[in-house]
*Asks:* 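Structure in structure tokens, see below.
Letters A, B, ... mirror the listed sequences (proteins, then strands); counts begin at 1.
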Amino acid sequence: MSTPDLTQTPIDADGSFEVHLQKSGQTLKVGKEQSILSALQDAGHEVPFSCSQGVCGTCLTQVVAGTPDHWDMFLTPEEQEANTQMLICCSRSQTARLVLDL
Amino acid sequence: MFIKNTWYVACTLADLNALGDKPLGRTICNEKMAFFKGPDGKVAAVEDFCPHRGAPLSLGKVCKGHLQCGYHGLEMGVDGKTVQMPGQRVRGFPAIKAFAVVERYGFVWVWPGDQAKADESQMPVFEFFDNPAWAYGGGLYHVQADYRLMIDNLMDLTHETYVHANSIGQPEIDETPSETKVDGDKVVLQRHMQGIQAPPFWQMAMSANGLDPQAKVDRWQICRFSPPSHVMIDVGVALTGKGGFDAAPEHKAYSVVVDFITPETETSHWYHWGMARQFKPEDAALTDKIRAGQDGIFNEDMEMLQLQQVNISRWPERKLLMLNIDSGGVQSRRIIDRLLAQENSSEINA
């Protein structure tokens, strides 16, 4: 029996999801009250950021797999629909797992 | 606390035009504003606060109808939304307040309160502006005193005898009782003096209008307060026995003292003063001469009011006397208080 592909599975009812960092190979849990950015910082990752409210674009990150839930005001609607990049300070995930180019 | 859902004079169009590509920063009713001309050439007002780092936008300059912040080049639009900024996507930048503005009578008028209630039909109407039968000249003072002290001053002209002893003051002002009437939101205080010698300022005006400056005159002062803080004063002299205020134009020299009093803070205001006259409206040199005379006279008030404010601020608990001569100011303040209460209760109900 194969394990389900979490990047194709809707997120848990409790609003949490996991983020897999492709370059470091690490996987982090992002809780409902937490941003991806703060989960990364809590785990000791220094990532670029500034406004923390989806405006400035400093934390723009490439998405490798999974579907982001965009909450920012930086990307255009077209860019958001493409789901290839996201602002990790405020945007979340629609799928149980996101793979980021970090 | 100020009546904010109303129109105030912010500046003259001439003062704004004189700044060229610089905006005008001005605080009105404790709201910091930056005035500039938008892409259509019309005056706009936005909060004087760059959404980027809080810099005053009024330190910037106007580029093609946008207000460019003097710190990092953010360009603000007339609606309070950022138009562009070098190297940035501005879509998510928070908007700042934009204030409704009307250009009329050579002034920029602004509505500092609830923008949804801004209503051009509530602009006051004055017959003497934009009217070839009248001439107008005036100026601006930045006065470090509660704007209501200026209303008190203008609604009680007995001070002229002492503050302006060398120009418009004369003992007959003290000796002649005044009459105060309240009509809705307006206060009218009037005093009519008969068979007196004209004081120096009015002798000058009589000469300018071809009258013998030494002739006995009837003199009138009719002070009209209307909200939020406009005081128009009919002033003049007529050869005695010719009907006073109602005398035919050839027998009198008269004008309207125009006072637009705009609160800045609780203890400071912008005072646009001027004089509108119907005699010799085409005589620009006379307009300048009257303006210079009025400037000197009103400077005497400014010194008094500012030092009065220093005293009041030092002794805030001391209750001031309100005498019979103060009834015009008392009634005007009562109207301000009533409108203020109305405005605040409608905000709570909203």
*Asks:* Any ion pair linking E18(A) and K29(A) (charged N to carboxylate O, less than 4.0 Å)?
*Replies:* no
*Asks:* Chain A contacts: which residues in residues 87-115 of chain B have a non-hydrogen atom closer than 4.5 Å to it?
*Replies:* Q88(B), R89(B), R91(B), G92(B), F93(B)
*Asks:* Under the 6.0 Å and 45° cation-pi test, does R26(B) pair with W270(B)?
*Replies:*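 Yes, a cation-pi geometry.
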*Asks:* Could you tell me whether R334(B) atom CZ has more than 12 heavy atoms of other residues or ligands within 6.0 Å of it?
*Replies:*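 It does not: R334(B) CZ has 12 such atoms or fewer within range.
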*Asks:* Using 4.0 Å as the upper bound for N to carboxylate O, is an ion pair formed by D185(B) and R338(B)?
*Replies:*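 A salt bridge links R338(B) with D185(B).
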*Asks:* Tell me, yes or no, whether the heavy-atom count around Y71(B) atom OH, taken from other residues, nucleotides or ligands under 6.0 Å, exceeds 12.
*Replies:*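 Counting neighbours around OH of Y71(B), 12 or fewer heavy atoms of other residues, nucleotides or ligands fall under 6.0 Å, so no.
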*Asks:* Taking atom CG of L24(B) and atom CG of D48(B), what is their separation to the nearest 0.5 Å?
*Replies:* 9.5 Å
*Asks:* Tell me which one of S229(B), P228(B), C29(B) satisfies side chain to side chain contact (heavy atoms under 4.5 Å, CB included) with Y147(B).
*Replies:* S229(B)
*Asks:* Who in residues 51-67 of chain A is close to chain B, using a strict under-4.5 Å heavy-atom cut-off?
*Replies:*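 Expected list: V55(A), C56(A).
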*Asks:* Supply the atom-to-atom distance L339(B) CG to N5(B) CG, rounded to the nearest 0.5 angstrom.
*Replies:*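 Atom-to-atom, L339(B):CG and N5(B):CG are 11.0 Å apart.
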*Asks:* At what distance, to the nearest 0.5 angstrom, does CD of Q68(B) lie from SG of C50(B)?
*Replies:*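 Separation between the atoms: 10.5 Å.
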